[in-house]
Every structure is written in structure tokens, then in C-alpha cells.
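Just so you know, these numbers come straight off a predicted model, no measurement behind them. In each ligand, atom 1 is the first atom listed, and ligand 1 is the first ligand listed.
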Amino acid sequence: MNFQRPIVAKFSKQNLQHNALLVKNKFAKNSKFFAVIKANAYGHGQLFAVEALKNIADGFALLECENAVLLRENNLINANQKIILLEGIFSAKQAKQVLDCNIISAVHCVEQFQWLLEQFQKNQKNSQVLEIAIKLNTGMNRLGFTQQNFANALNLLANPDFAVALKNQKIKITLMTHFATADENLPNKGIHKAITNFQNLEKIFQQKFPNLAYQKCLANSAAICDFPSVHYDWVRPGIMLYGSSPFGLQNNKTAADLDLKPVMTLQSKIIAIQHLKAGDCVGYGETFIAKKDMKIGVVACGYADGYLRSTPSGTPLMVNNQKTKSVGRISMDMLCCDLTDISGEVGIGTPVTLWGDGIAGSLPIDEVAEFGGTISYELMCSLANRVKREIID
Ligand SMILES: *Cc1c(COP(=O)(O)O)cnc(C)c1O
């Protein structure tokens, strides 16, 4: 007997591996890929993701230096797997750590250049390699160098002290950017403007360092699926690894269309049943009023579990392999759903699938996100600590 509160998040290692192999063997088969495992692997658990992808991914992308060090020092990944810090280092101190642990650091500002190059100079006798991914701002306007400041920033690297190291690939350079609208393949959207900007910045780099070998890393999941011309040396899939579509429910581009399989399933059970008369209300604020007699199920899942309170009445969920709808406001610990037309036996203890591929049925997380006015990324990252986690295969 299981007496625990019935909400559980189930994680499929096999589906994660399936999605990663699709990236490797189909979507971006001519590139290497960094599995993006930031934000605790989009809520799936960093160690779970790393273990599943240990023999598939060419590298891992994340944010925290201490997290990257942990992967290296505990040998949680293979020695030949790369690690990249997507925001680079946050202080001079971390420069030593990234060099010691063979971690690639994004460099988006002059300060990061200085911290890393100074440390590299101090360490040169150790024959360490400094790998940096220079972040170019091609239109997102968050991180990176622009036409205005790139040439100046490169002067630090053009110092004659580093000429030999660059030539011998003791300092290895990747040019990197991130697209703002790779999921919108429309005229005047997509990546066309960003690519023009990238090429102009690349020219500045080539003029400063003629004949220097370097790599390129541009594509997120959306660009991996839609723009093979920008795959280059490395790609950076995130959301597609976790089985959701970077295009949400866009026509012909859903997770099912792309053959992506859900990695996270959120499942709970019905813990109470209510029979309503026409005119009765449900939940806080009495925002839902029954138009007819109804049977309502109360599910042990609320916003303190990560099911967003902004999710409106009418959001799909699965009971007995049938799709039904939430009714009323989401509470902290519960939500209500319409059981009026659900066939078969339904009562206390009946399983409910909130999203994913559960015993109560399958429901793409992208559908729930769409109803909630958000994206699957936010739902995944919102999964609360108090929800039990189970790895199912
Ligand atoms: C999060 C992130 C990604 C992954 O994006 P997805 O849309 O999840 O594929 C790639 N690159 C950078 C810089 C990111 O921050």
C-alpha cells in the first residue's frame, strides 16, 4: 500500500535518450551537440539527464560554474565530453576553476576576457587549454558583442603574448550566438537578420585573426529543426531533448510530428468527488458556475506543485484515457476537473494525467502550456520540490 500524497513526476530515461539520438542521428547529424541541462535539466534533474546522456551527448551546457566543476570532479561525465557555461564566469575567481576543469566559458563582455586571459597567462606552464565561446549579439540584445564593441574587445586577445597559444590551439575559439526568433519561420522573422549580423561580426573576427581555426555554435532546438544551414560545428538542443516542441502546437511541428517523446509525466489522483446542481460554483472566487448538473473530481495537484495558478478553467487533463477539462481556479494543493461525461469507473484513487504519458492517458505538455498562456519550458521548470520523482525506465 502506498499512503503518500498521490502526485508524482515520472521521468523516462529511454525517452530522453530517444530524443537525444534523434538530434544526433537525424536533426543535426553533421554536428556535435551540447545537451542543455541548465535549470536542473529543465526541471528533470541534472543528474538524471547527465546519466541518461553520458554516452550520447558530445557535451553539456549549463550556467553555474560550481555545477560544472561537480560534473568533472566526480567523473559524472566522460572525460572527452565538453562542458560549456552559457553565461560564462561571474568573477575572476572562477577563471581558475574553468581552466583547471577544462570547462568552456562563454565570453560576452570585456571583463570575462580579462579574467580568463590573466589566469591563462599565470597558468601557461601547466600546458592548460583555454576554450572560450565568444558570444555575439545578433539581435536578442541580452548578452554579447556588437558591431560597436567587438573589434575593441578582440584587441585583448590580439595581444602578441597570446599569438603562439592561439596558433597552437592552446586558446581555442568558438563563435556563438543565440537566436531570438528561430521558432518563427516567417518573412522578416526567423534567423535571417541574425545571420547577417553574425556574418558581419564574423568578418571582424577574421580580419583580426586571419587563418585562425575556430568553431561555430549557433542553433537552439528551433534552429536545429528548421534551419540546417546554421548547424555548423556544435548545436545546443534544450527543449527538444525533453520531448516538447520548440514550436509548441504549430501545424506539422508538434512534438508528435517531430517524433519527440515526453520525458516528464505529471500524474496524480482524484481525492474527492462532488455532485453539483446547475448554479453551483467551484473553487476560490466562485469563478466557475455550473450551467447544468455536473460531477466534479478534485485532483491532488495545485500551484504549490508547479501547476500554474494562471492556468484557466477548460485546460485539458486526462482521466480514464479520456480528455476532460479543469474547472475553476487552481488552488495551492488541488484543482478540480469535470467528470460528468467520463465513462468507466471513476472515484477516489482514479489516476489523472496532468501532462506527459501516464496511466490515465497521454497529453502533450505543449497543450497545457498553450492553455495556460505559457510555454512548456516554464511548466517543466516550475515543478515543485515537494513533488515525488520517479525514474521509470
Ligand atoms: C536555453 C538555451 C538553449 C536551449 O534552447 P532550447 O530552445 O531549449 O533548445 C540554447 N542556447 C542558449 C544560449 C540557451 O540559453
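Between A222 and ligand 1, no N or O atom pair is found at a separation short of 3.5 Å. Distances between N or O atoms of Y377 and those of ligand 1 include at least one value under 3.5 Å. On a distance-only criterion, G238 and ligand 1 share at least one N/O pair closer than 3.5 Å. The shortest N/O to N/O separation between Y42 and ligand 1 falls below 3.5 Å.
Residue I239 has at least one heavy-atom neighbour below 4.0 Å for each of these atoms of ligand 1: 6 (P), 8 (O), 9 (O).
Linking ILVMFWY residues whenever their side-chain heavy atoms come closer than 4.5 Å, directly or via other members, places L117 and F145 in the same cluster.
Ion pairing between E87 and K135 fails under the 4.0 Å rule for side-chain N and carboxylate O. Between R5 and D305 a salt bridge is recorded (basic side-chain N to carboxylate O distance below 4.0 Å).
H178 CE1, 3.4 Å is the protein heavy atom nearest to atom 12 (C) of ligand 1. For atom 9 (O) of ligand 1, the closest non-hydrogen atom of the protein is S221 OG, 2.5 Å.
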Chi angles and distances behind the side chain to side chain donor-acceptor pair (under 3.5 Å) call for D333, S331 = CA-CA 6 Å; D333 313 310; S331 310; over 6 Å; no
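For Y214 and F205, the distance between ring centers is under 6.0 angstrom.
Residue K38 holds the heavy atom nearest to atom 14 (C) of ligand 1 of all those in R236, M380, K38, R142.
Side-chain atoms of R236 and H178 include a donor-acceptor pair closer than 3.5 Å.
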